[in-house]
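Report on the following structure.
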Amino acid sequence: MRNRHLLLALILACSPGLAGAAQQRHLALSAARLIAPEQARVIEHPLVLIDGERIREVREGGAVPDGYEHIDLGAATLLPGLIDVHVHLDFDPSFASGNYYKDLLTLSPIDAAVLAPTAARRTLEAGFTTVRNLGSAEYIDVALRNAIDRGQLPGPRIVAATLALGATGGHADPDTGFSPFIQFNGASGVVDGADAIRQRVRENVKRGADVIKFMASAGVLSNEQSVGAPQYSQEEMNALVDEAHRWGRKVAAHAHGTEAIKMAIRAGVDSVEHCSFIDEEGLKLARQHGTWLDFDIYNDDYILSEYGKLGVPQAQLDKEKLVGRTQRENFRRAVKAGARMAFATDAGVYPHGWNAKQFAKMVEWGMTPLQAIQAATTHAAELLGRADQVGAVKPGLYADLVAVEADPLTDIATLERVSFVMKGGVVVVPHPSRP
Ligand code: ARG
């Protein structure tokens, strides 16, 4: 017991967090404008005062107070650090060889773990200071999250799901479509029946999950026939959500199909991912339950233009053709219906660091630029339950900020080229005028 206390004391003494607090920096960040999405307002000539990793105060103009180091971003526009609520940092098309079957048979989760830090760095450098990792092999996301939190690797704050839960033969089952004599070994989220599902939720929590992800329906990039059929019974979904919520974890359901979306909402999930075939009743149910709808509407372009080259089976490309257009039309309907919507790209399906390409799609399909920015800041933070930590530039929150050179309220695509990134008061991408 005494040894344990000694060990704890040692760990605390060596922790970079505490060392950092001792020599806290005071920074004053100024720019031409600050977009404050949570107030739907633009602040002219902002002066953001930062103590250590947190924001102390946001002033409108005025002189830099004594003791504060000044970083002036000139004509740039500041925004809160961006949030993507659906990524997979342990996969990226650039990690693939072009031979789908060869990759499946030769790459292991260790390869994924080696490459994941690159994905994390690209994500952060693109201005995404927080992400929700919705499914990862072998708890890679937990190890990555912890290494980033300890300051050992550059990367965004990660809300980790660990293994995605799903039915035998479903979207989370890697064995589907292969000979029965081939099995992909390793930690698995494949689980059936209410009791076993409850146990699996507890296991994920035990291993470090911040959120629980499950496959309510079939999917595109997997070998089951359907693209949207329900893959759990209502009873199974109810048990999953009940158990996750008991442990204080939110639930994200992958669902393309009309019925599966409604079943997930009725079960009480916090967000539905993809939402491709959502109908009027689904939109109404989501409103009644306060469910977030996360549409990954950039994916279709990338999958259709690139996935043939990666050797992905034609059957999967055919499934993509079934969802792509309808998903975008339903995104527009959801915007019109006033649904709660957060920015979710499923990056990993397309290259990490390209996350912001989805903003232009969201505006093309019915959001105002401000709504698209709110989806990736204010609303994403609400969905994560972390609005007191991230998603806004206001006192007490982490000093996570990005800057762009054009006005994103008139030119949303400028978010694809952030000129400055700060995470927790540390400059990650310096502004070109102040390298
Ligand atoms: N991970 C998702 C799936 O395999 C990707 C769907 C992408 N397609 C789209 N149109 N959003 O089902």
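Just so you know, these numbers come straight off a predicted model, no measurement behind them. If you read the sequence from its start, that first residue is 1, and numbering goes on from there. Just so you know, ligand 1 is whichever comes first in the structure, and atom 1 is the first atom listed for that ligand.
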At the 4.0 Å heavy-atom cut-off, does Q316 count as touching ligand 1? no
Using atom types as modelled and distance alone, determine if a side-chain donor or acceptor of E138 lies under 3.5 Å from a backbone N or O of I110. no
Check this for me: Q183, atom CD, are more than 12 non-hydrogen atoms of other residues, nucleotides or ligands nearer than 6.0 Å? no
When you compare ligand 1 with H254, is there at least one nitrogen or oxygen pair between them that comes in under 3.5 angstrom? no
Any idea which atoms of ligand 1 are less than 4.0 Å away from a heavy-atom of G219? 12 (O)
Classify the side-chain pair E329/T326 by whether it contains a donor and acceptor separated by less than 3.5 Å. no
Would you kindly specify which portion of I297 sits under 4.0 Å from ligand 1, judged on non-hydrogen atoms: side chain, backbone, both or neither? neither
Close-contact set for ligand 1 against H171 heavy atoms, below 4.0 Å: 3 (C), 4 (O), 12 (O)
Part of D296 with heavy atoms under 4.0 Å of ligand 1, whether side chain, backbone, both or neither: both
Which residue and heavy atom of the protein sit nearest atom 5 (C) of ligand 1, plus the separation: D346 OD2, 3.3 Å
For Y302, ring-ring contact (aromatic ring centres under 6.0 Å, His included) partners two or more places apart: W354
Protein heavy-atom partner closest to atom 3 (C) of ligand 1 - residue, atom, separation in Å: V220 N, 3.4 Å
With D301 as reference, evaluate R325, R328, K357 under the salt bridge (charged side-chain N to carboxylate O under 4.0 Å, His left out) test and give the passing residue. R328
Quick one: look up the protein heavy atom nearest atom 8 (N) of ligand 1 and list residue, atom name and how far away it is. E320 OE1, 2.7 Å
Going by the order shown, which atoms of ligand 1 are within less than 4.0 Å of some heavy atom of V323? 10 (N)
What about D300: any of its N or O atoms under 3.5 Å from an N or O on ligand 1? no
Any side-chain heavy atom of V269 within less than 4.5 Å of one from W292? no
How does I303 reach ligand 1, by side chain, by backbone, by both or by neither, if only non-hydrogen atoms under 4.0 Å count? side chain
Is the CG atom of D111 crowded by more than 12 outside heavy atoms at less than 6.0 Å? yes
Only pairs under 3.5 Å count here: list side-chain donor-acceptor contacts from residues 413-426, not counting sequence neighbours, and write none if there are none.
{"from": "S419", "atom 1": "OG", "to": "A403", "atom 2": "O", "distance (Å)": "3.3"}
{"from": "S419", "atom 1": "OG", "to": "E405", "atom 2": "OE2", "distance (Å)": "2.6"}
{"from": "K423", "atom 1": "NZ", "to": "G155", "atom 2": "O", "distance (Å)": "2.8"}

Between K361 and D300, does any NZ, NE, NH1 or NH2 come within less than 4.0 Å of an OD or OE carboxylate oxygen? no
List the closest protein heavy-atom neighbour of atom 4 (O) of ligand 1: residue, atom name, distance to the nearest 0.1 Å. L221 N, 2.8 Å
